[in-house]
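Only a predicted model underlies this, so the values are computations on that prediction, with no experimental measurement involved. Throughout, a chain's letter reflects where its sequence line sits, starting with A, and its residues are numbered from 1.
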Protein chains: 2
Amino acid sequence: MKLTIAKIAEMTGVSKTTVSRVLNNSGYVSSTNRSKITAIIDKYGYVPDSRAISLSKTRTETIGLVIPETSGPFYAELLSGVEESLRDHEHFTLIMTFGNDKPHRVRQRYLSIMRQKRVDGMIIFDPELEITTAREASALGIPVVFLGKDFPDLPLHSICVDNFRGAVLMMEHLMRHHNYRRIAFITGPSDSQDSLERFRGYKHSLETVGIGFDDELVSRGDFTRQGAQRLYNQIIKTDADVVFASNDEMALGIIESAHDESSLNRFLPVVGYDDAIWSQFIEPPLTTIRQPMYQLGRLAGHTITETIAGKNADSVRLTLNTHLVVRRSCGC
Amino acid sequence: MKLTIAKIAEMTGVSKTTVSRVLNNSGYVSSTNRSKITAIIDKYGYVPDSRAISLSKTRTETIGLVIPETSGPFYAELLSGVEESLRDHEHFTLIMTFGNDKPHRVRQRYLSIMRQKRVDGMIIFDPELEITTAREASALGIPVVFLGKDFPDLPLHSICVDNFRGAVLMMEHLMRHHNYRRIAFITGPSDSQDSLERFRGYKHSLETVGIGFDDELVSRGDFTRQGAQRLYNQIIKTDADVVFASNDEMALGIIESAHDESSLNRFLPVVGYDDAIWSQFIEPPLTTIRQPMYQLGRLAGHTITETIAGKNADSVRLTLNTHLVVRRSCGC
DNA sequence: TCACTATATGCAACCGGTTACACACAAACA
DNA sequence: TGTTTGTGTGTAACCGGTTGCATATAGTGA
């Protein structure tokens, strides 16, 4: 009993073309026929088949969003931003997560699926993106916006968050406002571009103020809570004024260790990075750096639709700034 | 330069049919032609157009998931469950969020979009779902699984979480383990089915144990932190042993009020419901009820694909049990 | 009266696949 | 030798829309 324009045409005694014109509100249609057709559409609740439409027109009005996962505040916020932005621009979001797949298979899978779905464009946030994948994605012939990663040599669109300046922002607060001098730093895994940038910001700030960089104050973490806790004793020995963990998870690990450790009877200031959703609820509430993920998502959606509309001939490269979120864990 | 089966056919000197047979690994194809065709497919990286496929076959291999939002731990976990389950069953997930739209427009929008995308089935988690919408969705002629809502009179598939037994679980802990007698309860908004069920569990438990139900101990909340804080003074006056808030947000509100209120110099036990992601981080860590959202998502994905495969002739109605998460806020 | 324009409609090809059916040929069986 | 069976291939219709082009009629200005 499925209605198609052919059937509607038959019922009203006109051609498919005329029905199509009514649906798209294009061309000329006599008011008699128009009302006959709309009457049937309303009566049976006809909804056109988007597959057929997109097969005829060349576009699907769909953008592929490639992210590791949808859960977690980080990606959830990004997703909201992208989705709302695309909805405003009358596009759909096709979400593709690749979770724990190994890098190579991932690339194979997500690019292939996006192609078979014939998306009009893609937004890719792949923390482990390699240049070969970036090149391959660009070669698909559809607009792509990369998030969080940039390959300066390639002519592509990218939007990044400024990890360097985020770390500088935090350092300025610690040094100017609190007058801390011995600032311990916990890095993330060494293959994380984000972590490297944050570390660069840390180092740069120290040098700008004239405090030398002390290697003893830097520990190599892995972005996990447990990892940070294993580093706790070693960090305490350095007698640092404050611990700057390069993400919130590790900051939490340090705070918990300090809490358990009865031997430590002074308050140990700790700050993090990311503004995880729970960071305001821990004790003490965490001072951290907030990344504008929602805004990043909206901007990505905007950029991709503009590109599709042919407005971005040149490669777009944007960098978003972060915010310092001051709570109590820094000593404030 | 887009490759199609027609072009591949032309290049190899065979018909479209033969190419199609190679792609689908069906029917008979000579090994000569097969290798010629696969060579071209590999060389140019041909990927078939899913729109065309789904237009010919009658199915899209896509399930529509209707949820209020993708952010927040609650829906994010559900989404992960659904997506992973559908991936296992070789289906895609088409996510449709309706955010803050007004109920009526919502229904119009999401049902219409699902129809124009010709999804093979739908999973609907709409906390404000009305019976008319449920009826309308069922009338679409595709399988639908409703989550969190059930209309016993309609022959539909539904999977719910047992709010009644969740509340009973909590009450048993409070009464048996802690021996609390005066248990204050904060309801959610009166139009929330979830809240009503939790309240029913609260009442039922009291009566089972022989403690009468005392209306004075019940306050009407609205599931928000601020709302609970406005109720704080009134609740304190009742001199309750413990406060059972019907969600974590309100529990947090009460804990914060108790914290600020220096006049109160005893520990006020508070428990919540939902196991929000931050509930383990607050001070004291919150005792609460955990809803198995991930599992719910997986089950929903499983049920819808089974139904599509024709295995669920009768209406499927399932109820998932909740877990009690004991932390310190209850006095443990 | 003629040319031109605005209005109204339909034909048929096309988008990129699938599939029922017909046909051809070889080997195997009766 | 005639019939069946297993292979291999192609024709053409179909899924449900869009669109370039042709055609027809009525009204308008010269």
Return the value, rounded to whole Å, for the distance between atom CG of Asn24(A) and atom P of dT19(D). 7 Å
Is any N or O donor-acceptor pair between the side chain of Ser56(B) and the base of dG17(C) shorter than 3.5 Å? yes
In whole Å, what is the span from the CZ atom of Arg21(B) to the P atom of dT11(D)? 12 Å
Give me the atom names and distance for the closest heavy-atom approach of Leu296(B) to Leu320(B). CA-CD1, 3.7 Å
Between Asp150(B) and Arg317(B), does any NZ, NE, NH1 or NH2 come within less than 4.0 Å of an OD or OE carboxylate oxygen? yes
Can you tell me whether the side chain of Thr17(B) and the base of dT19(C) have a donor-acceptor pair closer than 3.5 Å? yes
Are the aromatic ring centres of Phe125(B) and Tyr75(B) under 6.0 angstrom apart? yes
Is Asn33(A) close enough to dT9(C) that one of its side-chain N or O atoms is under 4.0 Å from OP1 or OP2 there? yes
Just checking Thr4(B): base, sugar-phosphate only, or nothing, at a heavy-atom cut-off of under 4.0 Å? sugar-phosphate
Under 4.0 Å between a Lys/Arg side-chain N and an Asp/Glu carboxylate O for Arg118(A) and Asp49(B)? yes
Is Ser30(A) near enough to dA8(C) that one of its side-chain N or O atoms lies under 4.0 angstrom from OP1 or OP2? no
Would you indicate, yes or no, if dT9(C) has its OP1 or OP2 atom less than 4.0 angstrom from a side-chain nitrogen or oxygen of Thr18(A)? no
Output the rounded distance in Å from NZ (Lys57(A)) to C1' (dC15(C)). 13 Å
Run the side chain to side chain contact (heavy atoms under 4.5 Å, CB included) check on Thr62(A) and Asp120(A) step by step: do they pass? CA-CA 6 Å; Thr62(A) 301; Asp120(A) 293 342; 5.8 Å; no
Between dC14(C) atom P and Lys7(B) atom NZ, what is the distance in whole Å? 13 Å
dG17(D) P sits how many Å from Ile37(A) CD1, rounded? 13 Å
Any donor-acceptor N/O pair under 3.5 Å between dG17(D) base and Lys16(A) side chain: yes
Looking at dG17(D), does its base get a donor-acceptor pair with the side chain of Arg51(B) below 3.5 Å? no
Using whole Å, what does the distance between atom C1' of nucleotide dG17(C) and atom CD1 of Ile5(B) come to? 5 Å
Rounded off to whole Å, could you give me the CG-to-P distance for the Leu3(B) and dC15(C) pair? 14 Å
Can you see if the side chain of Tyr28(A) gets near the phosphate of dT7(C) - specifically, an N or O under 4.0 Å from OP1 or OP2? yes
Roughly how many Å is it from CG in Asp49(B) to P in dC14(C), rounded to a whole number? 18 Å
